[in-house]
Amino acid sequence: MNLSQLKPKAALPEPEKTHLKQATQGHRFDAELVAVTKSYGPGAPAVDDISLRIPRGSYCCLLGPSGCGKSTTLRMLAGHEDVTEGAILIHDEEVTHKLPVDRGTSMMFQDYALFPHLSSLDNVAFSLKVRGVATTERRKQARAYLELVQMDHLADRLPNQLSGGQQQRVALARSLITRPKVLLLDEPLSALDPFLRIKMRSELKRIQKELGISFIHVTHSQDEALALSDMIVVMNDAKIMQAAPVREVFETPTNAFVARFLGGQNVLTSDTHQVSVRTDRCRLGRSPGMRSLEGQIAMIEYQGNLVRITLQTTLGDEMTVLQSDTEYFAQNPQIGDTAVMSWHPSDEHVLDPMQAG
(Lines give C-alpha, C1' and ligand atoms only; values in the text may rest on other atoms or scores of the structure.)
Protein backbone atom coordinates (compact mmCIF):
# COMPACT_ATOMS: atom_id res chain seq x y z
CA MET A 1 0.00 0.00 0.00
CA ASN A 2 1.37 3.43 -0.96
CA LEU A 3 0.92 5.47 2.22
CA SER A 4 1.73 8.66 0.31
CA GLN A 5 -1.64 8.31 -1.42
CA LEU A 6 -3.51 8.60 1.88
CA LYS A 7 -5.36 11.85 2.36
CA PRO A 8 -5.09 13.72 5.66
CA LYS A 9 -8.85 13.57 6.13
CA ALA A 10 -11.82 11.84 4.55
CA ALA A 11 -15.32 12.64 5.66
CA LEU A 12 -18.79 11.38 4.89
CA PRO A 13 -21.32 13.79 3.41
CA GLU A 14 -23.23 15.61 6.14
CA PRO A 15 -26.53 13.68 5.59
CA GLU A 16 -24.70 10.37 6.16
CA LYS A 17 -22.95 11.62 9.31
CA THR A 18 -26.17 13.13 10.63
CA HIS A 19 -28.02 9.84 10.17
CA LEU A 20 -25.34 7.87 12.01
CA LYS A 21 -25.11 10.34 14.88
CA GLN A 22 -28.91 10.47 15.25
CA ALA A 23 -28.90 6.68 15.48
CA THR A 24 -26.85 6.92 18.69
CA GLN A 25 -29.23 9.26 20.49
CA GLY A 26 -31.86 8.40 23.10
CA HIS A 27 -30.20 5.44 24.77
CA ARG A 28 -27.40 4.89 27.24
CA PHE A 29 -25.85 1.68 25.94
CA ASP A 30 -25.17 0.74 22.34
CA ALA A 31 -25.08 -2.97 23.18
CA GLU A 32 -25.97 -5.04 26.21
CA LEU A 33 -25.65 -8.72 27.07
CA VAL A 34 -27.78 -9.96 29.95
CA ALA A 35 -26.74 -13.27 31.55
CA VAL A 36 -25.81 -14.72 28.15
CA THR A 37 -24.74 -18.37 27.87
CA LYS A 38 -23.80 -20.34 24.76
CA SER A 39 -23.61 -24.13 24.96
CA TYR A 40 -22.93 -26.57 22.13
CA GLY A 41 -23.98 -29.60 24.15
CA PRO A 42 -22.85 -31.40 27.32
CA GLY A 43 -19.74 -30.08 28.96
CA ALA A 44 -18.38 -26.63 29.66
CA PRO A 45 -20.20 -23.81 27.81
CA ALA A 46 -18.42 -21.69 25.21
CA VAL A 47 -19.76 -18.57 26.94
CA ASP A 48 -20.87 -18.85 30.56
CA ASP A 49 -23.45 -16.44 31.99
CA ILE A 50 -21.83 -13.14 30.95
CA SER A 51 -23.34 -9.70 31.35
CA LEU A 52 -21.90 -6.63 29.67
CA ARG A 53 -22.92 -3.05 28.90
CA ILE A 54 -21.14 -1.08 26.19
CA PRO A 55 -21.68 2.70 26.52
CA ARG A 56 -22.67 4.86 23.59
CA GLY A 57 -20.01 5.65 21.02
CA SER A 58 -17.38 3.34 22.53
CA TYR A 59 -14.48 1.51 20.99
CA CYS A 60 -14.63 -1.79 22.90
CA CYS A 61 -12.11 -4.61 22.52
CA LEU A 62 -12.84 -8.19 23.58
CA LEU A 63 -9.46 -9.59 24.60
CA GLY A 64 -8.43 -13.05 25.67
CA PRO A 65 -6.62 -16.27 24.73
CA SER A 66 -7.87 -18.67 22.07
CA GLY A 67 -10.99 -20.51 23.19
CA CYS A 68 -11.98 -17.98 25.84
CA GLY A 69 -15.35 -17.18 24.21
CA LYS A 70 -14.67 -13.76 22.70
CA SER A 71 -15.41 -14.69 19.06
CA THR A 72 -18.50 -16.63 20.10
CA THR A 73 -19.71 -13.54 21.96
CA LEU A 74 -19.18 -11.42 18.85
CA ARG A 75 -21.07 -13.90 16.67
CA MET A 76 -23.99 -13.92 19.12
CA LEU A 77 -24.11 -10.12 18.95
CA ALA A 78 -24.17 -10.39 15.14
CA GLY A 79 -26.87 -13.06 15.13
CA HIS A 80 -24.59 -15.68 13.55
CA GLU A 81 -24.80 -17.82 16.71
CA ASP A 82 -27.96 -18.57 18.68
CA VAL A 83 -28.07 -17.64 22.35
CA THR A 84 -28.66 -20.63 24.64
CA GLU A 85 -29.75 -18.49 27.58
CA GLY A 86 -29.98 -14.78 28.25
CA ALA A 87 -30.73 -11.72 26.14
CA ILE A 88 -28.98 -9.30 23.77
CA LEU A 89 -30.03 -5.66 23.34
CA ILE A 90 -28.93 -3.14 20.70
CA HIS A 91 -29.90 0.48 21.47
CA ASP A 92 -32.20 -0.77 24.24
CA GLU A 93 -34.11 -3.04 21.84
CA GLU A 94 -33.98 -6.78 22.43
CA VAL A 95 -32.62 -8.52 19.34
CA THR A 96 -31.82 -11.94 20.84
CA HIS A 97 -33.72 -13.94 18.24
CA LYS A 98 -33.70 -11.49 15.32
CA LEU A 99 -31.98 -12.24 12.03
CA PRO A 100 -28.59 -10.56 11.49
CA VAL A 101 -30.04 -8.17 8.91
CA ASP A 102 -32.74 -6.99 11.33
CA ARG A 103 -30.71 -6.20 14.45
CA GLY A 104 -28.77 -3.08 13.48
CA THR A 105 -25.30 -4.61 13.48
CA SER A 106 -22.78 -5.19 10.73
CA MET A 107 -19.85 -7.58 10.93
CA MET A 108 -16.43 -7.27 9.35
CA PHE A 109 -14.89 -10.72 9.02
CA GLN A 110 -11.26 -11.67 9.52
CA ASP A 111 -10.82 -12.83 5.89
CA TYR A 112 -12.69 -9.77 4.51
CA ALA A 113 -14.83 -12.03 2.22
CA LEU A 114 -14.85 -9.65 -0.76
CA PHE A 115 -16.48 -10.81 -4.01
CA PRO A 116 -13.51 -11.51 -6.33
CA HIS A 117 -15.40 -10.59 -9.53
CA LEU A 118 -16.63 -7.18 -8.29
CA SER A 119 -14.74 -3.91 -8.18
CA SER A 120 -14.11 -2.15 -4.89
CA LEU A 121 -17.01 0.18 -5.63
CA ASP A 122 -19.43 -2.63 -6.43
CA ASN A 123 -18.30 -4.68 -3.42
CA VAL A 124 -19.18 -1.76 -1.16
CA ALA A 125 -22.46 -1.11 -2.99
CA PHE A 126 -23.57 -4.76 -3.04
CA SER A 127 -25.74 -4.70 0.09
CA LEU A 128 -27.61 -1.67 -1.26
CA LYS A 129 -28.14 -3.52 -4.54
CA VAL A 130 -29.73 -6.40 -2.61
CA ARG A 131 -32.06 -3.88 -0.96
CA GLY A 132 -33.13 -2.53 -4.35
CA VAL A 133 -31.35 0.84 -4.25
CA ALA A 134 -30.97 2.31 -7.74
CA THR A 135 -27.56 2.01 -9.41
CA THR A 136 -26.71 5.71 -9.41
CA GLU A 137 -27.63 6.21 -5.76
CA ARG A 138 -25.91 3.09 -4.42
CA ARG A 139 -22.70 3.89 -6.29
CA LYS A 140 -22.81 7.46 -4.99
CA GLN A 141 -23.09 6.19 -1.42
CA ALA A 142 -20.42 3.54 -2.00
CA ARG A 143 -18.00 6.14 -3.29
CA ALA A 144 -18.61 8.28 -0.20
CA TYR A 145 -17.72 5.36 2.07
CA LEU A 146 -14.66 4.50 -0.03
CA GLU A 147 -13.59 8.12 0.43
CA LEU A 148 -14.06 7.75 4.19
CA VAL A 149 -11.57 4.85 4.22
CA GLN A 150 -9.31 6.63 1.68
CA MET A 151 -9.89 4.10 -1.10
CA ASP A 152 -11.92 6.13 -3.63
CA HIS A 153 -8.85 6.36 -5.93
CA LEU A 154 -8.95 2.55 -6.30
CA ALA A 155 -12.72 2.22 -6.72
CA ASP A 156 -12.45 0.31 -10.01
CA ARG A 157 -9.92 -2.30 -8.88
CA LEU A 158 -10.75 -5.95 -8.22
CA PRO A 159 -9.81 -7.49 -4.84
CA ASN A 160 -6.85 -9.42 -6.31
CA GLN A 161 -5.43 -6.09 -7.50
CA LEU A 162 -5.37 -4.73 -3.93
CA SER A 163 -2.97 -5.24 -1.04
CA GLY A 164 -4.17 -6.79 2.20
CA GLY A 165 -4.52 -3.39 3.81
CA GLN A 166 -6.48 -2.04 0.86
CA GLN A 167 -8.82 -5.04 0.91
CA GLN A 168 -9.38 -4.40 4.60
CA ARG A 169 -10.40 -0.81 3.90
CA VAL A 170 -12.88 -1.93 1.25
CA ALA A 171 -14.34 -4.50 3.64
CA LEU A 172 -14.67 -1.79 6.29
CA ALA A 173 -16.50 0.51 3.88
CA ARG A 174 -18.81 -2.35 2.88
CA SER A 175 -19.66 -2.97 6.54
CA LEU A 176 -20.33 0.70 7.23
CA ILE A 177 -22.55 1.43 4.22
CA THR A 178 -25.43 -0.44 5.86
CA ARG A 179 -25.40 2.30 8.54
CA PRO A 180 -25.10 -0.08 11.49
CA LYS A 181 -25.86 0.96 15.03
CA VAL A 182 -22.89 -1.17 16.12
CA LEU A 183 -19.99 -2.39 14.00
CA LEU A 184 -18.51 -5.79 14.91
CA LEU A 185 -14.92 -6.61 13.91
CA ASP A 186 -13.46 -10.11 14.15
CA GLU A 187 -9.66 -9.78 14.40
CA PRO A 188 -9.59 -7.41 11.41
CA LEU A 189 -5.86 -6.57 11.67
CA SER A 190 -4.43 -10.06 12.15
CA ALA A 191 -3.52 -10.59 8.47
CA LEU A 192 -1.59 -7.32 8.13
CA ASP A 193 2.14 -6.79 8.55
CA PRO A 194 3.19 -5.01 11.77
CA PHE A 195 3.81 -1.60 10.15
CA LEU A 196 0.46 -1.50 8.37
CA ARG A 197 -1.31 -2.92 11.45
CA ILE A 198 -0.24 0.13 13.45
CA LYS A 199 -1.34 2.46 10.63
CA MET A 200 -4.74 0.79 10.39
CA ARG A 201 -5.25 1.01 14.17
CA SER A 202 -5.21 4.77 13.95
CA GLU A 203 -7.53 4.70 10.93
CA LEU A 204 -10.08 2.51 12.71
CA LYS A 205 -10.03 4.80 15.73
CA ARG A 206 -10.40 7.89 13.55
CA ILE A 207 -13.37 6.47 11.66
CA GLN A 208 -15.08 5.26 14.85
CA LYS A 209 -14.81 8.69 16.45
CA GLU A 210 -15.96 10.46 13.31
CA LEU A 211 -19.06 8.29 12.94
CA GLY A 212 -19.86 8.22 16.66
CA ILE A 213 -21.04 4.59 16.67
CA SER A 214 -19.69 1.76 18.80
CA PHE A 215 -17.09 -0.60 17.39
CA ILE A 216 -16.78 -4.00 19.14
CA HIS A 217 -13.47 -5.53 18.15
CA VAL A 218 -12.21 -9.04 18.94
CA THR A 219 -8.45 -9.37 19.28
CA HIS A 220 -5.82 -11.53 20.95
CA SER A 221 -3.28 -8.69 20.84
CA GLN A 222 -2.76 -6.79 24.08
CA ASP A 223 -1.04 -3.90 22.28
CA GLU A 224 -3.92 -3.60 19.84
CA ALA A 225 -6.51 -3.55 22.60
CA LEU A 226 -4.62 -0.92 24.58
CA ALA A 227 -4.12 1.30 21.53
CA LEU A 228 -7.72 1.19 20.32
CA SER A 229 -9.98 0.77 23.32
CA ASP A 230 -12.10 3.11 25.32
CA MET A 231 -13.22 -0.06 27.09
CA ILE A 232 -11.52 -3.46 27.39
CA VAL A 233 -13.32 -6.72 28.16
CA VAL A 234 -10.85 -9.41 29.24
CA MET A 235 -12.20 -12.95 28.93
CA ASN A 236 -10.95 -16.37 30.04
CA ASP A 237 -12.57 -19.79 30.32
CA ALA A 238 -15.88 -18.53 28.87
CA LYS A 239 -16.25 -15.79 31.49
CA ILE A 240 -15.55 -12.07 31.74
CA MET A 241 -12.61 -11.45 34.05
CA GLN A 242 -12.83 -7.65 33.89
CA ALA A 243 -14.71 -5.07 31.82
CA ALA A 244 -13.73 -1.43 32.38
CA PRO A 245 -12.12 1.63 30.79
CA VAL A 246 -8.73 0.82 29.32
CA ARG A 247 -6.66 2.73 31.88
CA GLU A 248 -8.51 1.12 34.78
CA VAL A 249 -7.89 -2.38 33.44
CA PHE A 250 -4.19 -1.70 32.85
CA GLU A 251 -3.48 0.05 36.14
CA THR A 252 -5.82 -1.86 38.46
CA PRO A 253 -6.38 -5.39 37.13
CA THR A 254 -9.03 -7.36 38.98
CA ASN A 255 -7.07 -10.59 39.31
CA ALA A 256 -3.82 -12.32 38.49
CA PHE A 257 -5.02 -13.53 35.09
CA VAL A 258 -5.86 -10.01 33.90
CA ALA A 259 -2.58 -8.66 35.27
CA ARG A 260 -0.52 -11.32 33.52
CA PHE A 261 -2.48 -11.51 30.26
CA LEU A 262 -2.76 -7.80 29.61
CA GLY A 263 0.96 -7.49 30.24
CA GLY A 264 2.95 -4.79 31.90
CA GLN A 265 2.39 -6.22 35.40
CA ASN A 266 4.29 -8.51 37.74
CA VAL A 267 2.18 -10.66 40.08
CA LEU A 268 3.67 -11.18 43.54
CA THR A 269 2.31 -13.58 46.14
CA SER A 270 2.89 -13.31 49.89
CA ASP A 271 1.46 -15.17 52.86
CA THR A 272 -1.32 -12.60 53.25
CA HIS A 273 -2.24 -11.42 49.78
CA GLN A 274 -1.45 -11.20 46.07
CA VAL A 275 -0.43 -7.93 44.45
CA SER A 276 0.53 -6.66 41.02
CA VAL A 277 3.26 -4.13 40.25
CA ARG A 278 3.76 -2.48 36.88
CA THR A 279 6.98 -3.60 35.19
CA ASP A 280 7.97 0.00 34.44
CA ARG A 281 7.79 0.77 38.18
CA CYS A 282 10.34 -1.96 38.99
CA ARG A 283 14.09 -1.41 39.07
CA LEU A 284 17.28 -3.45 39.22
CA GLY A 285 19.20 -2.95 42.47
CA ARG A 286 18.32 -2.24 46.08
CA SER A 287 17.12 1.13 47.33
CA PRO A 288 16.09 2.36 50.80
CA GLY A 289 12.38 1.99 51.49
CA MET A 290 11.85 -0.38 48.55
CA ARG A 291 10.68 -3.98 48.58
CA SER A 292 12.90 -6.44 46.72
CA LEU A 293 13.28 -9.93 45.29
CA GLU A 294 16.48 -11.65 44.24
CA GLY A 295 16.82 -13.74 41.12
CA GLN A 296 18.88 -14.64 38.07
CA ILE A 297 18.56 -12.77 34.78
CA ALA A 298 17.01 -15.25 32.34
CA MET A 299 16.25 -13.03 29.32
CA ILE A 300 17.08 -9.59 27.99
CA GLU A 301 15.01 -8.15 25.13
CA TYR A 302 16.21 -4.93 23.53
CA GLN A 303 13.19 -3.01 22.19
CA GLY A 304 14.79 0.24 21.10
CA ASN A 305 14.02 2.90 23.66
CA LEU A 306 13.07 0.22 26.21
CA VAL A 307 14.73 -2.98 27.42
CA ARG A 308 12.75 -5.86 28.96
CA ILE A 309 14.69 -7.85 31.54
CA THR A 310 13.25 -11.14 32.87
CA LEU A 311 14.37 -12.53 36.22
CA GLN A 312 13.90 -16.06 37.50
CA THR A 313 13.42 -15.46 41.22
CA THR A 314 14.48 -17.68 44.10
CA LEU A 315 10.75 -18.46 44.56
CA GLY A 316 10.59 -19.92 41.05
CA ASP A 317 8.58 -17.04 39.54
CA GLU A 318 9.40 -15.01 36.44
CA MET A 319 9.43 -11.25 37.02
CA THR A 320 10.03 -8.47 34.53
CA VAL A 321 11.79 -5.13 34.77
CA LEU A 322 11.17 -2.60 32.00
CA GLN A 323 14.06 -0.13 31.79
CA SER A 324 14.91 2.77 29.54
CA ASP A 325 17.76 2.02 27.16
CA THR A 326 19.86 4.68 28.92
CA GLU A 327 19.39 3.03 32.31
CA TYR A 328 20.05 -0.43 30.90
CA PHE A 329 23.33 0.44 29.19
CA ALA A 330 24.50 2.31 32.28
CA GLN A 331 24.05 -0.84 34.40
CA ASN A 332 24.90 -3.32 31.59
CA PRO A 333 23.37 -6.45 33.20
CA GLN A 334 23.97 -9.80 31.49
CA ILE A 335 22.01 -13.05 31.17
CA GLY A 336 22.99 -15.33 34.05
CA ASP A 337 23.84 -12.50 36.43
CA THR A 338 22.35 -12.53 39.92
CA ALA A 339 20.22 -9.42 40.30
CA VAL A 340 17.74 -7.79 42.64
CA MET A 341 14.39 -6.41 41.50
CA SER A 342 12.97 -3.65 43.69
CA TRP A 343 9.79 -1.58 43.76
CA HIS A 344 8.09 0.94 46.02
CA PRO A 345 5.24 -0.35 48.23
CA SER A 346 3.00 2.46 46.96
CA ASP A 347 3.15 0.92 43.47
CA GLU A 348 1.53 -2.32 44.66
CA HIS A 349 -2.06 -3.01 43.60
CA VAL A 350 -3.83 -5.60 45.75
CA LEU A 351 -5.63 -8.21 43.65
CA ASP A 352 -9.07 -9.48 44.58
CA PRO A 353 -8.75 -12.92 46.21
CA MET A 354 -12.42 -13.65 45.47
CA GLN A 355 -11.94 -13.29 41.72
CA ALA A 356 -10.69 -16.29 39.76
CA GLY A 357 -7.42 -15.71 38.04
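Here the structure is a predicted model, which means the values were calculated and not measured.
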Taking atom CG of N332 as the centre, report whether more than 12 heavy atoms of other residues, nucleotides or ligands fall under 6.0 Å from it.
yes

Answer yes or no: is there a side-chain heavy-atom contact under 4.5 Å between [X] and [Y]?
X: R131; Y: T178; value: yes
X: V170; Y: L154; value: no
X: L185; Y: F215; value: yes
X: H80; Y: F109; value: yes
X: L74; Y: M107; value: yes
X: M231; Y: P55; value: yes
X: L33; Y: L77; value: yes
X: V277; Y: M341; value: no

Determine, for [X] against [Y], whether the closest basic-nitrogen to carboxylate-oxygen distance falls under 4.0 angstrom.
X: K38; Y: D82; answer: no
X: D230; Y: K209; answer: yes
X: R143; Y: D152; answer: no

Straight-line distance of [X] [atom1] to [Y] [atom2], nearest 0.5 Å:
X: I198; Y: E224; atom1: CD1; atom2: CD; value: 10.5 Å
X: R174; Y: L128; atom1: CZ; atom2: CG; value: 12.0 Å
X: Q303; Y: D325; atom1: CD; atom2: CG; value: 11.0 Å
X: L183; Y: L211; atom1: CG; atom2: CG; value: 9.0 Å
X: Q168; Y: R197; atom1: CD; atom2: CZ; value: 10.5 Å

Under 4.5 Å between side-chain heavy atoms, hopping through other hydrophobics if needed: is there a path connecting [X] to [Y]?
X: Y328; Y: L311; answer: yes
X: I300; Y: M319; answer: yes
X: F257; Y: V267; answer: no
X: L351; Y: M241; answer: no
X: M76; Y: V34; answer: no

What pairs with A227 under side-chain contact (heavy atoms from CB on, under 4.5 Å), at least two apart in sequence or on another chain?
R201

Looking only at non-hydrogen atoms, find the nearest pair between [X] and [Y] and report the distance.
X: Y145; Y: A173; result: O-CB, 3.7 Å
X: A298; Y: I335; result: O-CG2, 4.0 Å
X: F115; Y: P159; result: O-CG, 3.4 Å
X: Q208; Y: I213; result: NE2-O, 2.9 Å

Apply the test salt bridge (Lys or Arg N to Asp or Glu O under 4.0 Å) to residues R281 and E348: give CA-CA distance (whole Å), side-chain angles for both, the deciding distance (0.1 Å), then the verdict.
CA-CA 10 Å; R281 303 287 172 84; E348 295 179 354; over 6 Å; no

Test I297 against I309 for side-chain contact (heavy atoms from CB on, under 4.5 Å), laying out the working first.
CA-CA 7 Å; I297 296 177; I309 303 167; 4.0 Å; yes

Please walk me through it: do S71 and D186 pass side-chain contact (heavy atoms from CB on, under 4.5 Å)?
CA-CA 7 Å; S71 291; D186 186 11; 3.7 Å; yes

Please step through side-chain contact (heavy atoms from CB on, under 4.5 Å) for the pair I90 and E93, ending with a clear verdict.
CA-CA 5 Å; I90 303 293; E93 177 187 356; 5.8 Å; no

Is there a side chain to side chain donor-acceptor pair (under 3.5 Å) between S190 and Q110? Walk through the geometry before answering.
CA-CA 7 Å; S190 61; Q110 185 175 354; 3.0 Å; yes

Residue from Q166, Q161, Q167 passing side chain to side chain contact (heavy atoms under 4.5 Å, CB included) with S163
Q166

Between W343 and N266, does the side-chain contact (heavy atoms from CB on, under 4.5 Å) criterion hold? Intermediate values first, please.
CA-CA 11 Å; W343 64 96; N266 288 312; over 6 Å; no

Would you sort out whether D122 and R139 count as a salt bridge (Lys or Arg N to Asp or Glu O under 4.0 Å), showing the intermediate values?
CA-CA 7 Å; D122 288 336; R139 288 194 164 188; 3.0 Å; yes

Under a 3.5 Å threshold, yes or no: a donor from one side chain and an acceptor from the other, between Q265 and H349?
no

Assess whether side chain to side chain donor-acceptor pair (under 3.5 Å) is satisfied between H344 and S346, documenting all intermediate values.
CA-CA 5 Å; H344 198 277; S346 64; 2.8 Å; yes

